There are 2 protein chains.
Amino acid sequence: MSPRRHFAQVHVVDDERLGQEARAQSTDHSAVRLWLRLLSCSTQVEQVIRARLRERFGITLPRFDYLAQLERHPDGLRLNTLTRNLMVTGGNVTLLTEQLVADGWVERATDPADRRSTIVSLTSWGRREFLRMAAEHEQWLVALFCGFDDVHRDALYEHLGRLRAHLAPRGPSTSSRQERAS
Amino acid sequence: MSPRRHFAQVHVVDDERLGQEARAQSTDHSAVRLWLRLLSCSTQVEQVIRARLRERFGITLPRFDYLAQLERHPDGLRLNTLTRNLMVTGGNVTLLTEQLVADGWVERATDPADRRSTIVSLTSWGRREFLRMAAEHEQWLVALFCGFDDVHRDALYEHLGRLRAHLAPRGPSTSSRQERAS
DNA sequence: CCCGGTTACTTGAAGTTTGAAGTAACGGGT
DNA sequence: ACCCGTTACTTCAAACTTCAAGTAACCGGG
């Protein structure tokens, strides 16, 4: 199927401790390898953050993400916007909203300009608690990347930005123009 | 709606079509921004692949990943190894295995050397079908990254490798040496 | 005004994933 | 041979997620 190898001096170590990347083999093409490596890195960080959020605060990652989104928007967000930002389905946001409202993190209001829309925002208690968690959350990430050379980190950030710009233009369902600066 | 702008030379477009990255802001530290960008890229690719697998083959991403893992190991894999490679919980692998066995993709055998262990492998039908899907799957990725400059792609791949190497050493629960060539 | 298309959200069923607790098997030390 | 700690897997409840179908509200023409 894939008649190639010859491209790695670093032979893949087999399965132990390699995670999803172990799926990549010399016969795979670079596109697949890039995707698997991307997924692998992302999953590893995610697992750590998820576990810590649960241990330290008894909160789940989806809820934290939801709250993080709201924290940046003191005036609240429409559920629709939240759905897009979190990159999940509408039904998911509906359920998360119910739960977060029930637990006192978030409050709902109807958009006066469009009665279809619901606007959610943090309660003052929710904001206070979230900021407390967020501060620690950030330190976890700093610690995770600590020792990862700054130059490489910045370069990685930059390259991910390019990839993001390359991927984003697909499915411009709403308004908003894409600038393509570089 | 968003009473703030002015913080980067590349101004963030607001919320529209920005996904998870919209969470990053000028006040966030670089560690958080890197994580969010990584997650954003990963999620975007994942959504596309997931949707196509469902449309074209009526299969889910977790099942495809499971099969991909097995395809590379004609002699089969222990569930434990699979759990580590897929980076999911054991319970999840147990359930996936049940389903894939029930649907004829996979067959189970008890490891003669360790009666606790189950070894799973593709059925011949499963292998044939998987290879058919995998060929198309690879083309989707090629197409996704098509137009993304080769130099940037290779650089990104390289930097992700560094990040991966930086993250991996946490929790070396099993054997297996890490080579660290470069 | 009203009709038809679109958008915003909700509902419900099916599926995935996790974390914690439980069972069984291994293996080294005594 | 018997413990004891570890490992492999299973089970189960709870949480998350998706998809598809449904309801309600908007909006632009006729």
Side-chain angles (χ1 to χ4, degrees), chain A residues 15-16 20 43 46-67 76-103 108-120 173-175, chain B residues 15-16 20 43 46-55 58-66 76-103 106 108-120 171-175:
Chain A
D15 288 0
E16 310 299 322
Q20 283 161 330
T43 303
E46 187 179 316
Q47 304 281 18
V48 172
I49 298 301
R50 180 194 307 278
R52 300 235 175 123
L53 282 176
R54 181 176 44 78
E55 291 161 12
R56 286 283 297 141
F57 305 122
I59 201 175
T60 62
L61 185 54
R63 294 185 192 197
F64 184 85
D65 285 347
Y66 185 118
L67 297 175
L77 278 179
R78 286 166 50 224
L79 291 190
N80 188 24
T81 307
L82 210 40
T83 296
R84 253 181 296 112
N85 289 359
L86 295 174
M87 297 200 271
V88 294
T89 57
N92 192 355
V93 169
T94 295
L95 183 61
L96 284 172
T97 300
E98 280 175 20
Q99 297 168 334
L100 290 173
V101 167
D103 292 349
R108 307 176 53 133
T110 301
D111 185 345
D114 184 343
R115 270 184 301 164
R116 292 172 303 176
S117 292
T118 299
I119 294 179
V120 286
S173 55
T174 64
S175 54
Chain B
D15 288 0
E16 309 299 322
Q20 283 160 330
T43 303
E46 188 179 317
Q47 304 280 18
V48 172
I49 298 301
R50 179 193 307 277
R52 300 236 175 123
L53 283 175
R54 182 175 45 79
E55 291 162 13
I59 200 175
T60 62
L61 184 55
R63 295 186 192 197
F64 184 85
D65 285 347
Y66 185 117
L77 278 178
R78 286 167 52 226
L79 291 191
N80 187 24
T81 307
L82 211 40
T83 297
R84 253 181 298 111
N85 289 359
L86 295 174
M87 299 202 269
V88 294
T89 57
N92 193 356
V93 170
T94 295
L95 184 62
L96 283 171
T97 300
E98 281 174 20
Q99 297 168 334
L100 290 172
V101 167
D103 292 348
V106 162
R108 307 176 52 134
T110 301
D111 186 346
D114 185 344
R115 271 184 301 163
R116 292 172 302 176
S117 291
T118 299
I119 294 180
V120 287
S173 54
T174 64
S175 56

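Quantities reported herein were computed from a predicted structural model and do not represent experimental measurements. By convention in this document, chain letters (A, B, ...) are assigned in the order of the sequence lines, proteins followed by strands, and residues within each chain are numbered from 1.
- For the OP1/OP2 pair of C:dT18 and a distance below 4.0 Å, the side-chain nitrogens and oxygens of B:Asn92 include at least one atom meeting the criterion.
- Distances were taken from every side-chain heavy atom of A:Arg116 (C-beta onward) to each of D:dT18, C:dA25, D:dA24; the shortest belongs to D:dA24.
- Contact annotation: A:Gln99 does not reach the phosphate of D:dA14 (side-chain N/O to OP1 or OP2, under 4.0 Å).
- Using a cut-off of 4.0 Å between Lys/Arg side-chain N and Asp/Glu carboxylate O, A:Arg116 and A:Asp111 are scored as not salt-bridged.
- Of the candidates C:dT18, D:dA15, C:dG15, the closest approach to any side-chain atom of B:Thr89 belongs to C:dT18.
- Among the atoms of the strands shown, none is found under 4.0 Å from any heavy atom of B:Thr83.
- Remark: P of C:dA25 and CG of B:Asp111 are 14 Å apart, rounded to the nearest angstrom.
- Residue B:Arg63 places at least one side-chain N or O under 4.0 Å from the OP1 or OP2 atom of C:dT16.
- Rounding to whole angstrom units, CG of residue A:Leu95 and C1' of C:dC9 are separated by 14 Å.
- For the pair B:Thr81 (side chain) and B:Leu77 (backbone), a donor-acceptor distance under 3.5 Å is absent.
- Not one side-chain nitrogen or oxygen of B:Arg54 sits closer than 4.0 Å to the OP1 or OP2 atom of C:dG15.
- As judged by a 4.0 angstrom heavy-atom cut-off over every strand, B:Ser117 is placed among residues touching the sugar-phosphate backbone only.
- The pair A:Asp114-A:Arg78 does not count as a salt bridge, with every side-chain nitrogen at least 4.0 angstrom from each carboxylate oxygen.
- Within 4.0 Å of B:Glu55, counting heavy atoms only, lies no atom of the nucleic acid at all.
- Summarising the geometry, the separation between CZ on A:Arg108 and P on C:dA8 is reported as 15 Å, rounded to the nearest angstrom.
- Taking side-chain N and O atoms only, B:Arg115 has a distance below 4.0 Å to OP1 or OP2 of C:dC26.
- Taking only side-chain atoms of A:Pro62, from C-beta outward, the nucleotide of C:dT18, C:dC26, D:dT17 with the closest atom is D:dT17.
- One finds a side-chain N or O of A:Arg78 lying less than 4.0 angstrom from the OP1 or OP2 phosphate oxygen of C:dA8.
- Atoms CD1 (A:Ile49) and P (C:dG19) sit 13 Å apart, rounded to a whole Å.
- Between the CG atom of B:Leu86 and the C1' atom of C:dT16 there is a distance of 13 Å, given to the nearest Å.
- Of the listed nucleotides (D:dT18, D:dT7, C:dA25), D:dT7 has the atom at the smallest distance from the side chain of B:Asn80.
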Go through the steps to decide whether A:Leu67 and A:Leu100 satisfy the test side-chain contact (heavy atoms from CB on, under 4.5 Å), and finish with yes or no. CA-CA 9 Å; A:Leu67 297 175; A:Leu100 290 173; 4.2 Å; yes

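- Nucleic acid contact class of B:Thr94 (heavy atoms, under 4.0 Å, all strands): base.
- Taking atom CD of residue B:Glu98 and atom P of nucleotide D:dC9, one finds them 14 Å apart after rounding to whole Å.
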Does the side-chain contact (heavy atoms from CB on, under 4.5 Å) test come out yes or no for B:Thr97 and B:Arg108, once each step is laid out? CA-CA 8 Å; B:Thr97 300; B:Arg108 307 176 52 134; 3.9 Å; yes

